Amino acid sequence: MSTGTVTTRKQEGVESKKFISDLLGRHGFLLLILPALLLLSSVYGVPIFRLLATSFGRDEWSLSSYKVAVTDPYMWKVLLSTLRLSAEVTALCLFLGYPVACLMIRSCPRWTQVLTVLVVLPMWTSVLVRSYAWIVVLGRNGIVNQLLIDSGLIEEPLQLLYNRFGVYVGMVHIMLPYMILPLYAAMKRVDLKLVDAARSAGAGGLAAFALVFVPLIAPGIVAGSLLVFILSLGFFVTPALLGGADDVTYVMLIERQLNESLNWELAAAMSVILLVASLILVALYWRLVGVSGQDSTIRAHVTPSWILRTATRALASWQSTFSFGSFASPLVTPALGWAVVGFLIAPIAILFPLSVSASPFLEFPPRGFSLRWFQNYFDRPDWIAATWVSIKVATLTMFAATLLGTLAAIGLVRGRFLGARLAAGFLISPSIVPALITAVAVYFQFAQFKLVGTITGLVLAHMVLALPLVVIVVSGALRSVDVRPEQAARSLGATSIIAFLKVTLPAIKPGILTAAFFAFLASFDDVVLALFLSGTSATTLPKRMWDGVRFEVDPTIAAVSTLMIMLSIALLVAPQLASFGSRRARRTEGATTTVSI
Amino acid sequence: MKQTLTRRSFTTGLAAGAVLASACRVRAQSSDTVVIASYGGQFQDAQRKALFEPFEKSTGIKVVEATGPSLAKVRTMNMSGNIEWDVAEFTPADFLVLAENNLLEKIDYGAIDQSIIAKVDKRVVHPYGVGALFYSNVIAFNTKRYPTGKHPKSWADVWDFQKFSGPRILPSGIYVVRPNEFALLAEGLLPQQLYPLDLERSYRSLSNIKPHVVKWQTTGAMAPQAIVDGEADFGMASQGRIAQLKAQGAPVDYDWNQGLITADYWGIPKGAKNVQNALKFIEFASRPEPQAELSKLIPYSPANPDAFKLLSEEQLKDLATAPDNLKKQVWLDAGWWAQKTNGKSNVERNIDMWNAWLQR
């Protein structure tokens, strides 16, 4: 990375420029990564390490907590049922996500764009808002039951909430986009003519599908499934709000040990067990799919045959059940695809009428029209204060994470140094650690430094969530950028820094902007970290909403949810509208897919 | 132990973080605020109007609100060394356990106006806290499903799923109001036979009704919400919240019969940052005027009987301490809940039993 210094400028100028570029050449890339590494080490690495230490006893070394965690039959039961729940949610997502991906691949570009927005929109809506919406939709007097009763299909309302069913619905709703996008990305790379060729060569629809199409999209299936499975392991908010007393997930049990039984060693040991389980799965994911997903087609060849067989069988049974054997039947698959898209959007749409209800308590159908709940939101200092805290924290997080993350991404992509892969792995690792475990670890650390209940503490903690997203998105953008213009600039005499700033930086600007959006939303939507770190003096909006769902009867929370959804839509649709059909739109969409993989 | 941990993993980065933090400290801990924790929702809305806002006006001390006081929450704060609350309203059993475990500040009665405290009901003036109000947890029901008169009138009725079908809502064993007394009353025990509670028997009784319980509430708002929106047809709820919703036109009603009456206390968590402000608040909240205001907004019974004089006949009739209502109810024995068996209070023993019972 040394610079050609053919120049006629003043000697000292060349000297200093040469010095800087040499510095950059040798240590610069390491220096670029350093701020992000230092920050993440202190607010995430050390706390996680301490959690590990705590699990072996706080005063002296002992394995007793692990002994309890491993031998207690209830904890085993919950761990196994959490694994089972994750597997079931994964299977459901694959089943329901597949027709949507088909729909996206078969639609014209304009409709594909619309579908992408519809699929991504729920991802941009707070998990809390969506769980709240399901409470309204699935309730005993909720919309679903009322429709079923009015249509005469049932007489007594069905119990759809506060049981396993409610948990399935809530979780599948949150996880579906994480399945659809990798599937769609994989399908996009498949040459559909191969399938047609197989059919014209005499293969039946099912055979062509199972033998040709499924193996071709296998990387997408594997990527989506593992992603959904890993993320499902750490679910806390959804089962807590939509499940019954028996629907306890492993992280809920950890939270209980921490906050009710006050057994910190056991909570730490259980966190480590879950962390190890997640890491094993991630290692599998990396082996099968690769970090960036770029070389996934090659990796498909090393995909164990049993995964392929299982996936093939699952999708084949789907095909035979719903498409009557014909490959991607022209009617049934799109209908199902649209139904699933409707499922994705419905709970979000339902909050609007509720938020303008005149009734003093939540009921459906809403009575009358009134803006009193919006009024209540704007009049209440606790809601407004929480909103300001969230805006402040998210903005600070966005700037800090985008800056540090972009620098780190440049260092990682351009630098060639020992341990680069390790550094990259560490920087993006928080994205696979269940948020509750990060929260527990960070909470212990921050409590000692009196950071709980401060904006600073929240920003530092949210950096843990936001940095990996920025690193992933910006490295993706950097890798896809053509390096030749920059090389040309350098050969014409520009220093490497100037060349980068003037040529490459503008090219990756959309990627950086996307990363900034993600960083903002990661902070703005976070419930779990805020639950532990907000205290009373820095309550964020999602924390206030969490209390609202649990402590309040009035529809103010519906009004707040509506406002949050409108913000999401504005953030999501604005760039799409601004660049409809342009190259940038494709890039934004690409970035979205990268993050979800 | 906290110290050894700090030493074990102290890093320069964290030290820098701490310096940064002390520079950016939010002003909540400064001497002109008080952090008050209560039970949220309509109840805290009423407290805000009757207590918090007038307190701010009269003293200039800013009130920061928090929700969900419980024994576990105070213990966690104590262990982590981050005492977030300055004063909280505790249910009586949690309050006594906290007091006995040295988790509350002793009330400095010398710093409070004696003439106000002297008027407060003697039964609820305690070395570690002052009574906030009397209230009752009662049978509440949705009137669309069970019109008043045809509703479940006893806990035995609530447990009788043949006579009264439909989903119920009952308190969770980890909530600050426990299901055990109601389970034993449903078994036909008389009030004088209730304590000491036979916890084993209460869980056998709970097992009978478990399949018909749609949700085990862990906050005060859950039951009113579930009964209003029809998620549950009936169950246990705090009387004041139901009475207030009924007054607003919600299809709900309640029955005083076999209501479990008790008092909540204001207490100051040990190590609270603004103890003096907390004491000022307790003094203010013990005055008859704000207590009467609160009762007008949500019909809970004042702990300072002077407040009764500021209420109308109509308003007095709705209170748990009204003689006609009092004779239908059962007194909760918080002292029993605070008693220890094998070094563990009955409150904590019951949490273990609840968790074990849920798994069965």
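Quick caveat, the model's predicted, so the values are computed rather than measured.
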How close do [X] and [Y] get, heavy atom to heavy atom, and via which atoms?
X	Y	answer
A/Ala447	B/Ser80	CB-O, 3.7 Å
A/Thr536	B/Glu84	OG1-O, 3.6 Å
A/Tyr443	B/Thr76	OH-CG2, 4.4 Å

Side chain / backbone / both / neither for [X] at chain A, heavy atoms under 4.5 Å:
X	result
B/Leu358	both
B/Asp352	neither
B/Phe43	neither

Checklist entry - side chain to side chain donor-acceptor pair (under 3.5 Å) with B/Ser165: which residues, sequence neighbours excluded? => result B/Arg145

Next on the checklist: Looking at B/Lys270, I'd like to know if its NZ atom is crowded, meaning that more than 12 non-hydrogen atoms belonging to other residues, nucleotides or ligands lie closer than 6.0 Å.
Outcome noted: yes

Next on the checklist: Can you tell me if B/Lys210 has over 12 outside heavy atoms packed within less than 6.0 Å of its NZ?
Outcome noted: yes

Would you call [X] and [Y] a side-chain contact if the rule is heavy atoms closer than 4.5 Å?
X	Y	value
B/Glu231	A/Asn141	no
B/Met77	A/Val452	no
B/Gln225	A/Arg550	no

Checklist outcome for this item: Contact list (residues 211-219 of chain B to chain A, heavy-atom gap under 4.5 Å, by number) returns B/Val214, B/Lys215, B/Trp216, B/Thr219

Checklist entry - Which pairs pass side chain to side chain donor-acceptor pair (under 3.5 Å) with one or both residues in residues 156-167 of chain A, sequence neighbours excluded? => result A/Arg164-A/Asp247

Output the distance between atom [atom1] ([X]) and atom [atom2] ([Y]), rounded to the nearest 0.5 Å.
X	Y	atom1	atom2	answer
A/Ile135	B/Asp229	CD1	CG	9.5 Å
A/Asn259	B/Arg75	CG	CZ	13.5 Å
A/Phe449	B/Asn82	CZ	CG	13.5 Å
A/Arg544	B/Thr67	CZ	OG1	7.0 Å

Checklist entry - Are A/Arg380 and B/Asp45 close enough, and set up right, to give a side chain to side chain contact (heavy atoms under 4.5 Å, CB included), and what steps lead you there? => result CA-CA 10 Å; A/Arg380 281 280 294 276; B/Asp45 288 346; 3.5 Å; yes

Item to check | Best-contacting candidate, B/Ser172, B/Gly220, B/Ala232, B/Pro167, against chain A by heavy atom pairs under 4.5 angstrom | outcome: B/Pro167

Next on the checklist: So, using ring-ring contact (aromatic ring centres under 6.0 Å, His included) as the criterion, who are the partners of B/Phe52 when residues are at least two apart?
Outcome noted: B/Phe281

Checklist entry - Among A/Leu258, A/Asp382, A/Leu262, which has the most heavy-atom pairs under 4.5 Å with chain B? => result A/Leu262

